[in-house]
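Below is one structure, written out as structure tokens, with a few remarks after it.
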Amino acid sequence: MSVRVRMAPSPTGLLHIGGVRTFLFNWLFARKHGGQNLLRIENTDTSREVAEAVDHIQTSLLWLGIDWDDELTFQLDRIDDCRRVAEQLVAEGKAYEDEGAIRFRMPNEGVTAWDDVVRGRVEVQNETIEDLVLVRSDGRPTYNFASPMEDVWDGITHVIRGDDHISNTPKQINLIRAVAGDIPIYAHVPSIFGQDGKKLSKRHGAVGVGEFRSAGYLPEALVNFLALLGWAPDGETTIMSRDELVERFTLERVSASPAQFDYAKLDWMNGMYIRALPPDEFAHRLILWLGENGYDWDAELVRKAAPLVQEKVARLDEFPDYARFLFEDVEASVDGGAEVVAAARDALADLEPFTAEAIEAALRDVVERLGLKPRQAFQPIRVAVTGSTVSPGLFESIELLGRETTLRRLSSASHS
RNA sequence: GCCCCCAUCGACUAGCGGUCCAGGUCGCGGCCCUUUCAAGGCCGUAGCGCGGGUUCGAAUCCCGCUGGGGGCACCA
């Protein structure tokens, strides 16, 4: 039997990173087995907000490269089918009316059990399960009715979802039995905590996919990182391509214990991916990111500046701080070092050619003449030219800045 | 209160009875490189929650405790 799984988000404003990790596991599992991965929106109304959220969900997933098969479906579209099933269950005596709602009769004795792929066998005493409301008195089916019914109708073979659904599972199993559907295989993946061990929330930083995107994370790095949260192929490998992830992923190796989201490690991994990018590709990503985030910096200049910062940044949003001096005026006040700054100005005034190599030779010459240590000499020049004590390589920076602007900043700083 | 789940360095994890005085990665500390910041290289730091069993032998199996988490809705 071919594998069929589903991603079933609620249409809320932001796609939570914890949910995305669960969806990623679905996707990896489906792709690994050549199966299908469906996208099913668990909506209960059709407001404009929902439409926007659905849009946002799709955009976010596609940005991460998590795609789906077939058309996406909406829970709301199947409420009539749900109602019919509920009526049938009432007719069969398996459900009953209760103050206008329809309730499903749970068995009163025995146990309901399943072999969870990540947790092993889970058993629940039936006497602890209350009769489940299938249809509310206003006629709308409940989640715990609609969701398992959709799993049956969609031919879902494996339900891979968050562990907050564990206690729903025995209810859903009993319901599926009652309608003579096939019980899917369940895999309950652990939740993700913030760095204080509490539930991941806003105050931990980014939690929505969009926030990670605008923070300058690369989707492939985020996917790699997320995959390793609660899953590991062997305990040694950390950097894995998407293909390798697909090839090596197994549900059996998903951990049962919750993981904390470590932003520092994500940053490290993102930096690894950035440095591994071909320079052209890095520049391309930068240009796109800058455009998405309100910078109208000259693309050609960005392309030239990109190689100077590629080794230095962990996230794309660090680029502006390094390269701003190339695009905007800077405050160049040097305190101390006026002498070397002035000498640098003179050395560069007529330098030909105005290349990093020649600039370095000229400046090193100045440093030697003045009897300074490189460290002491270059820092005032750096501050004068870039307006910051932290910058890309000085000589390359000066070449890119150009003679005219460089001289102006050097002059201005040496007179202050 | 009742039910269910979880428990290895600060973090992510490997480990599925002996090969583990516990391995990898991030972080952190030190050193090297160096025009700043990074990157890179090298070295180091740090852990099996507690108590009982089972066994010749336990991080690995069982029970209890403690600590976390989730659920007990006409929410999803």
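Here the structure is a predicted model, which means the values were calculated and not measured.
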**OP:** Could you let me know what B/A7 is paired to, Watson-Crick or G-U wobble, both distances under 3.5 Å, or none if it's on its own?
**Re:** B/U66
Original post:
Counting any heavy atom closer than 4.0 Å, what does A/E99 reach on the DNA or RNA strands: base, sugar-phosphate only, or nothing?
Top reply: base
Subject >> N/O donor-acceptor pair, side chain A/R375 with base B/U35, under 3.5 angstrom >> reply: no
Original post:
Cation-pi between A/R242 and A/W27: NZ/CZ under 6.0 Å from ring centre and within 45° of the ring axis?
Top reply: yes
**OP:** Give one of base, sugar-phosphate or nothing for A/E42, where a contact means two heavy atoms less than 4.0 Å apart.
**Re:** sugar-phosphate
Original post:
Of all the nucleotides listed (B/U36, B/A14, B/G23), which has the minimum atom distance to the side chain of A/A232?
Top reply: B/A14
**OP:** Taking only the side-chain heavy atoms of A/P258 (C-beta and beyond), determine which of B/C6, B/A76, B/G68 contains the nearest atom.
**Re:** B/C6
**OP:** State whether the side chain of A/Q376 and the backbone N or O of A/K373 hold a donor-acceptor pair below 3.5 Å, judged by distance alone.
**Re:** yes
**OP:** Look at all strands and tell whether A/R161 reaches a base, only sugar-phosphate, or nothing, counting heavy atoms closer than 4.0 Å.
**Re:** nothing
Original post:
So what does A/A256 touch, heavy atoms closer than 4.0 Å: a base, only the sugar-phosphate, or nothing?
Top reply: sugar-phosphate
Original post:
When we call it a touch if two heavy atoms are under 4.0 Å apart, what does A/F395 touch: a base, just sugar-phosphate, or nothing?
Top reply: base
**OP:** Describe the nucleic acid contact of A/F225 in one word from base, sugar-phosphate, nothing, applying a heavy-atom distance below 4.0 Å.
**Re:** nothing
Subject >> Integer-rounded Å distance: B/A39 C1' and A/N270 CG >> reply: 15 Å
**OP:** Check every atom of B/C74, B/U36, B/G40 against the side chain of A/V133 and return the nucleotide holding the closest atom.
**Re:** B/C74
Original post:
If you look at every strand shown and take non-hydrogen atoms under 4.0 Å, does A/L229 touch a base, only sugar-phosphate, or nothing?
Top reply: sugar-phosphate
**OP:** Say whether, by atom type as modelled, one donor and one acceptor occur between the side chain of A/S414 and the main chain of A/S411 under 3.5 angstrom.
**Re:** yes
Subject >> Sugar-phosphate, base or nothing in reach of A/H165, heavy atoms under 4.0 Å >> reply: base
Subject >> Atom-to-atom span, CD of A/E311 to C1' of B/A39 - whole angstrom >> reply: 5 Å
Original post:
With a 4.0 Å cut-off on heavy atoms, is A/R119 in touch with a base, just the backbone sugar-phosphate, or nothing at all?
Top reply: sugar-phosphate
Original post:
Does B/A22 have a Watson-Crick or wobble partner in any strand here, with both distances under 3.5 angstrom, and which is it?
Top reply: none
Subject >> Distance, P atom - from B/C6 to B/U60, rounded to whole angstrom >> reply: 15 Å
**OP:** Determine the interatomic distance between C1' on B/A22 and the same-named atom on B/C65; round to the nearest Å.
**Re:** 25 Å
Subject >> B/U36 and B/G24, which share atom name P, separated by this distance in whole Å >> reply: 32 Å
**OP:** May I ask you to test the A/T237-A/E244 pair for a side-chain heavy-atom distance under 4.5 Å?
**Re:** yes
Subject >> Between P of B/A73 and CG of A/D131, the distance in whole Å >> reply: 12 Å
Original post:
Of the nucleotides B/G24, B/G27, B/A73, which one has an atom closest to the side chain of A/E130?
Top reply: B/A73
Subject >> Separation of B/U36 C1' from A/E396 CD (nearest whole Å) >> reply: 13 Å
**OP:** Using a 4.0 Å heavy-atom cut-off across all strands, classify A/T389 as base, sugar-phosphate, or nothing.
**Re:** base
Original post:
OP1, OP2 of B/G15 versus side-chain N and O of A/R253: anything below 4.0 Å?
Top reply: yes
Subject >> Strand partner of B/G44, provided both Watson-Crick or wobble distances fall under 3.5 Å >> reply: B/C28
**OP:** When you get a sec, tell me which of B/C74, B/G71, B/A39 is the closest nucleotide to the side chain of A/A101?
**Re:** B/C74
Original post:
At under 4.0 Å between heavy atoms, what does A/D98 touch on the DNA or RNA strands: base, sugar-phosphate, or nothing?
Top reply: base
Original post:
Mind checking the C1' distance from B/C28 to B/C12? Whole angstroms is fine.
Top reply: 16 Å
Original post:
Is there a donor and acceptor pair closer than 3.5 Å between the side chain of A/S137 and the base of B/C74?
Top reply: yes
**OP:** Identify the nucleotide, in any strand shown, that forms a Watson-Crick or G-U wobble pair with B/U34, with both distances under 3.5 Å; if there is none, say none.
**Re:** none
**OP:** Considering only atom P, compute the distance from B/C61 to B/U8 and round it to an integer number of Å.
**Re:** 13 Å
Original post:
Pick the nucleotide of RNA chain B nearest each of A/K312 and A/P141; which residue has the one closer to the 5' end?
Top reply: A/K312
Original post:
When all nucleic acid strands are considered with a 4.0 Å heavy-atom cut-off, which category describes A/R103: base, sugar-phosphate, or nothing?
Top reply: sugar-phosphate
**OP:** May I ask you to decide if A/E220's main-chain N or O and A/N224's side chain share a donor-acceptor pair within less than 3.5 Å?
**Re:** no
Original post:
Just how far, in rounded Å, is P of B/A14 from CD of A/E252?
Top reply: 14 Å
**OP:** Look at the side chain of A/K265 and decide which nucleotide, out of B/U36, B/A39, B/U25, has an atom nearest to it.
**Re:** B/U25
**OP:** If the plane angle is over 60° it's perpendicular, under 30° parallel, otherwise tilted; pick one for A/F29 and A/F249.
**Re:** perpendicular
Original post:
Is any NZ, NE, NH1 or NH2 atom of the basic residue among A/R83 and A/E87 found under 4.0 Å from an Asp or Glu carboxylate oxygen of the other?
Top reply: no
**OP:** Check every atom of B/U13, B/U36, B/A39 against the side chain of A/A259 and return the nucleotide holding the closest atom.
**Re:** B/U13
**OP:** For A/F378 and for A/A264, locate the closest nucleotide of RNA chain B by heavy-atom distance; then report the residue assigned to the nucleotide nearer the 5' terminus.
**Re:** A/A264
Original post:
Looking at A/D243 and A/R248, does any basic side-chain N land under 4.0 Å from a carboxylate oxygen?
Top reply: no
Subject >> Residue A/T128, side-chain atoms from C-beta onward, closest of B/C12, B/C74, B/C3 >> reply: B/C3
Original post:
Picking from B/C26, B/C4, B/C6, which would you name as closest to the side chain of A/D262?
Top reply: B/C26
Subject >> P spacing across the pair B/C37 / B/G15, given as an integer number of angstrom >> reply: 41 Å
Subject >> Mate of B/C61 where both pairing distances stay under 3.5 Å, Watson-Crick or G-U >> reply: B/G53
Original post:
Base, sugar-phosphate alone, or nothing: which one does A/P392 contact when heavy atoms must sit under 4.0 Å apart?
Top reply: base
**OP:** Take the protein atom CH2 of A/W231 and the nucleotide atom C1' of B/U25, then report the distance between them rounded to whole Å.
**Re:** 14 Å
Original post:
Would A/R121 and A/D115 pass as an ion pair if we require N to O under 4.0 Å?
Top reply: yes
Original post:
Separation of A/Q195 atom CD from B/C26 atom P, in whole Å?
Top reply: 16 Å
**OP:** Select one nucleotide: of B/C3, B/C37, B/U25, the one nearest the side-chain heavy atoms of A/T238.
**Re:** B/U25
**OP:** Answer yes if the ring centres of A/H165 and A/Y143 are under 6.0 angstrom apart, and no otherwise.
**Re:** yes
**OP:** To the nearest Å, give me how far apart CD1 (A/I192) and P (B/C6) are.
**Re:** 18 Å
**OP:** Name the nucleic acid region contacted by A/G230, choosing base, sugar-phosphate or nothing; use a 4.0 angstrom heavy-atom cut-off, strictly under.
**Re:** sugar-phosphate
**OP:** Provide the distance between the two C1' atoms, one in B/G51 and one in B/A58, to the nearest whole Å.
**Re:** 15 Å
Subject >> Rounded distance in Å between the C1' positions of B/C5 and B/C9 >> reply: 24 Å
